[in-house]
Amino acid sequence: MRGRRSWVEVSRGRIQANFRAARALAGGAEVCAVVKADAYGHGAVEVSRTVAAEGGRWLAVSGAEEGAALREAGIEGVRILVMADSVVASGRTMAEFGLTPVIHELGEIAVWAAMGSSLERRLEYHLKVDSGMGRLGTRAASPEVARAVAGGSPWARMEGLMTHFASAADYMGSQTEAQAAAFEAVRAVLRAEPEFVHLEATSAFAYGRSARAGVGQTMVRLGHSIYGYVSPVRVRPNEPAPENLLQVRPALTWKASLLAVKELEAGAPVGYGAMFRTDRPMRIGIVATGYADGIPHRLGNRGRVIAGGEWAPILGAVSMDVTTIDLTRAPELGPGDAVTILGKEGGCFQDAQQLARVAGTISYRILCGIGPRVSRVWVD
Ligand SMILES: *Cc1c(COP(=O)(O)O)cnc(C)c1O
């Protein structure tokens with residue numbers, strides 16, 4: 001690590017433990033670790049290495065470029081599924097780097113087959129069904145899907161059939177059950193059962209939604225839980241929440257150094273727009289991380305960090321490069337000392353879900369919003 005303005009420590013042991021917990025819950029089904037968006041800010045190469053060392057056989061990314069970067073970093077011997085790209089735009093890269101595309105439109109099967117034919121190599125793909133999310137995936141009627149998959153060129157083979165739930169953490173509506181049924185209707189008409197059938201991401205998996213809907217699967221695609229998070233469910237008032245079956249813990253701790261500590265008199269303005277004004281003499285700290293590093297601007301006058309094992313409220317506006325905090329309860333801290341944005345210090349603990357709630361966003365956004373300027377340090 002060259003600088004010590006702001007850094008994250010990612011625990012290899014936690015990633016391993018979370019992956020193992022997922023595997024145990026998955027029974028015999030394959031756990032595909034989703035490492036898109038630089039592994040939700042954790043560092044895709046190192047997470048991929050860790051998962052591969054644990055015996056993981058599948059990784060998933062969003063784009064062909066992400067997959068190619070992993071191959072170039074030496075990630076071999078594991079399959080890489082490309083979930084949100086197109087064989088029309090990126091097929092050549094996918095073939096060159098041994099990536100497996102998710103195909104979203106039946107017409108693209110022929111494009112992929114033509115690629116296979118030109119390379120004289122049979123190429124695998126996974127077909128995504130839009131079972132009701134209204135985003136990526138084919139909406140073709142099931143007989144048409146069956147025909148497109150069975151017929152056509154021998155150069156492209158459907159290895160997997162998948163879908164994605166829109167409201168997996170929501171127990172107030174029936175969208176998930178409707179999606180599972182729509183998916184099953186397509187699956188039922190296929191001439192042969194694909195090797196990999198996968199529906200669930202973290203929320204659906206942790207709450208056992210496919211199993212409850214009577215849908216079997218041979219793979220799950222997990223991102224959030226590999227990094228230690230499962231979102232809470234939404235249930236109707238007075239209804240019991242279903243149990244989270246997947247016990248995981250956050251793998252990432254986010255810290256930053258104090259650049260300066262100073263005493264302000266009562267009535268002094270703090271930061272842009274004088275959004276905060278001291279109501280008493282106050283000891284403040286200027287922390288070396290700001291919205292360019294991923295601290296949500298919305299945390300101005302609202303969020304808090306942990307300093308000296310005590311809660312330290314954010315004062316005034318979050319700036320691009322620095323954030324000002326109240327150090328009244330941590331008088332022993334001085335320039336160069338570290339504070340914690342995500343993690344545990346003393347009796348205080350803050351994770352991405354808590355921070356997200358205060359900032360009016362989601363934990364996913366907090367994690368993948370941690371900027372490239374923040375160093376990644378791997379610990380055991
Ligand atoms: C991102 C993504 C996942 C992983 O979702 P998590 O909630 O992070 O587990 C799974 N499937 C698809 C299609 C995705 O885009």
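As the structure lists them, so they are numbered: ligands from 1, and atoms in each ligand from 1. When reading the values below, keep in mind they use all heavy atoms of this one structure, side chains included, and skip hydrogens, waters and symmetry mates.
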Numbered atoms of ligand 1 (with element) below 4.0 Å of His224, judged on heavy atoms: 6 (P), 8 (O), 9 (O)
From His198, His104, His164, residue fulfilling ring-ring contact (aromatic ring centres under 6.0 Å, His included) relative to His126: His198
Side chain to side chain, Arg4 and Ser257, heavy atoms closer than 4.5 Å: yes
Ser203-ligand 1 polar pair, N/O distance under 3.5 Å: no
Proximal atoms of ligand 1 relative to Tyr40 (non-hydrogen, under 4.0 Å): 1 (C), 4 (C), 5 (O), 6 (P), 8 (O)
Atom 5 (O) of ligand 1: the protein heavy-atom neighbour that sits closest, reported with distance to 0.1 Å: Ala201 CB, 3.4 Å
Side-chain ion pair, Glu30 and Arg23, N-O less than 4.0 Å: no
Heavy atom of Tyr364, distance to ligand 1 below 4.0 Å: yes
Ring geometry between His224 and Tyr229 (parallel below 30°, tilted from 30 to 60°, perpendicular above 60°): parallel
Ligand 1 atoms in contact with Met83 (distance to a heavy atom under 4.0 Å): 2 (C), 11 (N), 12 (C), 13 (C), 14 (C), 15 (O)
Closest approach of any protein heavy atom to atom 9 (O) of ligand 1, naming residue and atom: Thr202 OG1, 2.6 Å
Under-4.0 Å salt bridge between Glu46 and Arg49: yes
Per-atom contacts of ligand 1 with His164, taking only distances under 4.0 Å to non-hydrogen atoms: 10 (C), 11 (N), 12 (C), 13 (C), 14 (C)
Row check, Tyr171 ring normal vs Arg209 NZ/CZ: under 6.0 Å, within 45°: yes
Candidate list Gln175, Arg234, Gln179, test side chain to side chain donor-acceptor pair (under 3.5 Å), partner Ser167, passing option: Gln175
Shortest protein heavy-atom distance from atom 11 (N) of ligand 1, along with the residue and atom involved: Arg221 NE, 2.8 Å
Shortest protein heavy-atom distance from atom 3 (C) of ligand 1, along with the residue and atom involved: Lys36 NZ, 3.8 Å
Geometric N/O contact Val34 with ligand 1, under 3.5 angstrom: no
Electrostatic pair Arg20:Glu54 at N-O distance under 4.0 angstrom: yes
